[in-house]
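Predicted model, so just to flag it, every value in this text is computed and none were measured. Basis for what follows: all heavy atoms, side chains included, without hydrogens, waters or symmetry-related copies.
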Amino acid sequence: MHLLTKKGSGPLPKIDVFTVADAPPDRPRHGSATIVELNSGQLLLAWMAHIGGDTAGHDHAPCNIESMTSNDGGYTWNDRKVFIENQPT
């Protein structure tokens, strides 16, 4: 998953691209990301991480909700964890 940040203003602002979550075979797709600022000023990123199985990476694949936090306005992200784990039946 990539995040974009815009620096500066004018007709051609600088855009930085950050990779915050790789897509290994057991989590081949990420989507529907949201960033919120917590009361502490820390940023919380949460997204759907589609997980393995025969439908891995497809729209109907099981997915977990994963999260990471940033203390520097989104330049670095850490503390990746499964926020809500999908338990397929």
Side-chain angles (χ1 to χ4, degrees):
M1 175 183 335
H2 303 290
L3 295 179
L4 306 175
T5 61
K6 177 179 159 183
K7 290 183 177 178
S9 59
L12 297 173
K14 182 177 185 239
I15 302 218
D16 290 329
V17 178
F18 298 92
T19 300
V20 296
D22 291 328
D26 63 332
R27 289 189 204 108
R29 179 178 163 200
H30 304 290
S32 302
T34 299
I35 299 174
V36 295
E37 184 174 358
L38 304 176
N39 289 338
S40 65
Q42 188 176 45
L43 298 178
L44 172 69
L45 167 66
W47 69 93
M48 294 179 358
H50 293 259
I51 54 180
D54 292 339
T55 59
H58 295 274
D59 287 345
H60 300 288
C63 63
N64 292 331
I65 305 298
E66 297 191 5
S67 66
M68 295 178 84
T69 56
S70 175
N71 294 312
D72 60 7
Y75 289 98
T76 59
W77 294 89
N78 52 50
D79 197 26
R80 181 175 177 169
K81 60 185 164 188
V82 175
F83 195 64
I84 299 174
E85 184 172 7
N86 183 334
Q87 299 180 1
T89 55

Regarding N64 and E85, is there a side-chain donor-to-acceptor distance under 3.5 Å anywhere?
no
Please round to the nearest 0.5 Å and tell me the distance separating atom CE of M68 and atom CG of D79.
8.0 Å
Nearest 0.5 Å, what's the CG-NE2 distance between L45 and H30?
10.0 Å
Can you list every pair that meets salt bridge (Lys or Arg N to Asp or Glu O under 4.0 Å) and has a residue in residues 34-48, with sequence neighbours left out?
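Qualifying pairs, neighbours excluded: none.
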Pairs touching residues 60-77 that satisfy salt bridge (Lys or Arg N to Asp or Glu O under 4.0 Å), sequence neighbours left out
R27-E66, E66-R80
Minimum heavy-atom separation for [X] and [Y], please, with both atom names.
X	Y	result
V20	W77	CG1-CD1, 3.1 Å
I65	A46	CG2-CB, 4.5 Å
C63	N86	O-CB, 2.9 Å

side-chain contact (heavy atoms from CB on, under 4.5 Å) for L43 and T69? Distances and angles first, verdict last.
CA-CA 6 Å; L43 298 178; T69 56; over 6 Å; no
If only atom types and distance count, is the side chain of S32 paired as donor or acceptor with the main-chain N or O of W47 below 3.5 Å?
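Looks like no, no N/O pair under 3.5 Å.
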According to a hydrophobic-cluster definition based on side-chain heavy atoms being under 4.5 Å apart (Ile, Leu, Val, Met, Phe, Trp, Tyr only), do M48 and F83 belong together?
yes
Is Y75 reachable from I35 through a run of hydrophobic residues whose side-chain heavy atoms are each under 4.5 Å from the next?
yes
